[in-house]
Amino acid sequence: MMQDTLLKVEGLKTYFYLDDKKISKAVDGINFSINPGETVALVGESGSGKSITSLSIMQLINKPGKIKEGSVTFNGEDLVKLSDKQMAKVRGNDIAMIFQEPMTALNPVFTIGNQIMETLMKHKKLSKIQAQKRAIELLKMVGFPRAEETVKEYPHQLSGGMRQRAMIAIAMSCDPKLLIADEPTTALDVTIQAQILDLMKEMKEKFNTAVLLITHDLGVVAEYADRVMVMYGGQIVEDTTVERLFTNPKHPYTIGLLESLPSIEKEVRRLGAIKGTVPPSHSFPTGCRFSDRCPKVMDKCREIHPELIPTETGHDVRCHLYE
Ligand code: SF4
């Protein structure tokens with residue numbers, strides 16, 4: 001493993017064993033790494049396997065799901081092999097996560113202050129007074145002007161954007177080395193979205209936190225990520241820098257996603273630029289998993305499953321067109 005790699009995911013397979021004996025291959029053999037301070041985006045439509053990837057990294061897969069194979073090496077340690085207790089420590093200290101809907105992660109019966117303080121007392125071993133002082137500092141840092149009052153407020157008293165700021169304060173309270181942000185702004189309106197993403201960027205620069213940004217929005221990727229992986233059918237189909245993805249996209253799925261982006265010239269978002277929907281992960285087509293939707297499909301695509309191959313330095317693509 002390269003010395004500066006923070007997270008290395010190798011051969012990760014997370015399957016769900018359904019009642020009717022079908023196996024849903026939600027994540028099916030993915031490999032990637034993240035370096036300290038780097039922002040890597042994982043992009044795809046819903047059902048592509050992005051969120052299951054993040055939950056697998058956090059070891060939050062419950063029955064009927066299971067990590068079937070592979071490793072998730074973080075700071076030299078394979079998280080898949082850790083006990084629940086050891087993993088709970090990693091989750092509080094080194095890896096933090098923020099979700100699309102902060103209400104699901106915030107506890108409605110505790111004040112915002114209590115929720116930040118709890119993390120600080122548990123993981124940073126601060127006293128109650130020290131934790132309260134730090135909670136106020138953190139809330140100020142994420143943009144609460146009256147932080148002394150906000151600590152006494154409950155989640156329902158805050159707007160969606162403010163709740164997401166509070167989640168970021170909780171996530172950053174332990175100076176995590178890796179922040180996993182799963183669609184952090186999808187539920188928010190556009191202006192607040194930009195504010196939250198700018199705040200995440202600011203926090204990342206301040207603490208040199210690496211970020212795994214999970215999103216379906218390539219506009220967000222262009223603005224905030226260094227590297228991007230496009231996911232489809234539980235696998236990575238393109239992996240490159242953000243610049244290359246936008247200037248020289250290779251996979252037909254990526255090209256379709258880019259064509260669905262709104263632009264000033266087009267005025268209107270061309271929804272549905274990619275026909276059809278992601279196939280269910282228990283019944284992928286034989287051969288290329290994108291073959292039923294691909295405008296460039298060839299006979300070979302319906303029979304042979306393409307491997308992820310490097311096409312130029314740091315630009316990998318899973319498509320027979322590039323073999
Ligand atoms: Fe399209 Fe074939 Fe490439 Fe799959 S392998 S993306 S079907 S051209």
Side-chain angles (χ1 to χ4, degrees), residues 6-7 36-37 54-55 57-60 62 74-75 77 79 82-185 187-188 192 195-212:
L6 178 68
L7 177 83
S54 67
L55 294 173
I57 295 170
M58 294 294 268
Q59 306 301 305
L60 290 173
N62 294 318
F74 178 78
N75 257 344
E77 202 166 31
L79 303 184
L82 296 189
S83 66
D84 289 350
K85 204 172 158 196
Q86 288 168 317
M87 194 55 217
K89 254 191 185 167
V90 174
R91 277 199 289 268
N93 283 318
D94 296 320
I95 309 182
M97 192 162 179
I98 54 175
F99 302 91
Q100 174 174 339
E101 184 30 83
M103 266 321 250
T104 54
L106 290 169
N107 192 328
V109 299
F110 290 109
T111 63
I112 297 294
N114 272 336
Q115 298 188 54
I116 304 177
M117 285 164 62
E118 193 202 335
T119 318
L120 289 165
M121 290 193 291
K122 193 166 155 201
H123 296 285
K124 287 271 174 189
K125 309 284 177 236
L126 297 191
S127 69
K128 201 173 171 188
I129 292 170
Q130 288 169 324
Q132 191 173 35
K133 200 168 157 244
R134 182 72 185 134
I136 292 170
E137 278 170 16
L138 281 161
L139 286 173
K140 283 197 172 145
M141 210 189 295
V142 297
F144 283 91
R146 336 168 272 112
E148 290 82 358
E149 283 145 56
T150 311
V151 282
K152 296 178 210 143
E153 287 173 346
Y154 290 88
H156 73 267
Q157 293 175 276
L158 306 179
S159 67
M162 283 306 191
R163 280 200 287 264
Q164 200 54 293
R165 281 176 190 270
M167 269 311 299
I168 294 173
I170 295 174
M172 299 312 286
S173 62
C174 289
D175 312 326
K177 296 187 179 74
L178 174 68
L179 175 67
I180 299 180
D182 191 348
E183 303 275 9
T185 59
L188 306 171
I192 311 288
Q195 288 173 10
I196 295 292
L197 287 162
D198 286 342
L199 173 66
M200 280 177 54
K201 200 171 178 181
E202 203 185 305
M203 295 287 114
K204 169 203 132 107
E205 277 157 17
K206 213 172 209 154
F207 300 107
N208 195 35
T209 314
V211 179
L212 177 63

Closest approach of [X] and [Y], non-hydrogen atoms and distance?
{"X": "A96", "Y": "M58", "answer": "C-CE, 4.4 Å"}
{"X": "G161", "Y": "I192", "answer": "CA-CG2, 3.5 Å"}
{"X": "V142", "Y": "A169", "answer": "CG2-CB, 3.9 Å"}
{"X": "F144", "Y": "A166", "answer": "CE1-N, 3.9 Å"}
{"X": "M162", "Y": "G143", "answer": "CE-O, 4.1 Å"}
{"X": "V151", "Y": "E148", "answer": "CG2-O, 3.1 Å"}

Does [X] reach the side chain of [Y], with side-chain heavy atoms less than 4.5 Å apart?
{"X": "M87", "Y": "V90", "value": "yes"}
{"X": "Y154", "Y": "I112", "value": "no"}
{"X": "T150", "Y": "L158", "value": "yes"}
{"X": "M121", "Y": "Q132", "value": "no"}

query = Do Q164 side-chain atoms and T185 backbone N/O form a donor-acceptor pair below 3.5 Å?
reply =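 It does not hold such a pair.
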
**OP:** Examine distances only and state if a side-chain atom of Q115 and a backbone atom of N107 form a donor-acceptor pair shorter than 3.5 Å.
**Re:**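 Side chain of Q115 to backbone of N107, a donor-acceptor pair under 3.5 Å: yes, one is there.
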
Rounded distance [0.5 Å steps], [atom1] in [X] versus [atom2] in [Y]:
{"X": "L138", "Y": "S173", "atom1": "CG", "atom2": "OG", "value": "6.0 Å"}
{"X": "C174", "Y": "K122", "atom1": "SG", "atom2": "NZ", "value": "9.5 Å"}
{"X": "M172", "Y": "I116", "atom1": "CE", "atom2": "CD1", "value": "12.5 Å"}
{"X": "I98", "Y": "I168", "atom1": "CD1", "atom2": "CD1", "value": "4.5 Å"}
{"X": "E77", "Y": "L79", "atom1": "CD", "atom2": "CG", "value": "7.0 Å"}
{"X": "I57", "Y": "I180", "atom1": "CD1", "atom2": "CD1", "value": "4.5 Å"}

Could you pull out every donor-acceptor pair under 3.5 Å between side chains of residues 196-210 and any protein atom, sequence neighbours left out?
{"residue": "D198", "atom": "OD1", "partner": "Y224", "partner atom": "OH", "Å": "2.9"}
{"residue": "K204", "atom": "NZ", "partner": "G37", "partner atom": "O", "Å": "2.7"}
{"residue": "K204", "atom": "NZ", "partner": "T39", "partner atom": "OG1", "Å": "2.9"}

Next item on the list: Walk me through it: do L106 and I170 pass the test side-chain contact (heavy atoms from CB on, under 4.5 Å)?
Entry: CA-CA 10 Å; L106 290 169; I170 295 174; 3.6 Å; yes

Checklist line | F99: side-chain contact (heavy atoms from CB on, under 4.5 Å) partners, not counting sequence neighbours | finding: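 Once residues adjacent in sequence are excluded, the partners of F99 under the side-chain contact (heavy atoms from CB on, under 4.5 Å) criterion are M97, A105.
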
### Message
Test side-chain hydrogen bond (donor to acceptor under 3.5 Å, both in side chains) on Q59 and R91; report intermediate values, then the result.
### Response
CA-CA 9 Å; Q59 306 301 305; R91 277 199 289 268; over 6 Å; no

| Residue E153 excluded, over 12 heavy atoms near CD under 6.0 Å |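 Yes, CD of E153 has more than 12 neighbouring heavy atoms, counting only those of other groups under 6.0 Å.
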
*Answer yes or no: is there an ion pair linking R134 with E137, defined by an N-O contact shorter than 4.0 Å?*
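Yes.
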
Legend entry - Any residue meeting side-chain hydrogen bond (donor to acceptor under 3.5 Å, both in side chains) with K124, in chain and number order, not counting sequence neighbours: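 Counting only residues at least two positions away or on another chain, K124 forms a side-chain hydrogen bond (donor to acceptor under 3.5 Å, both in side chains) with D175.
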
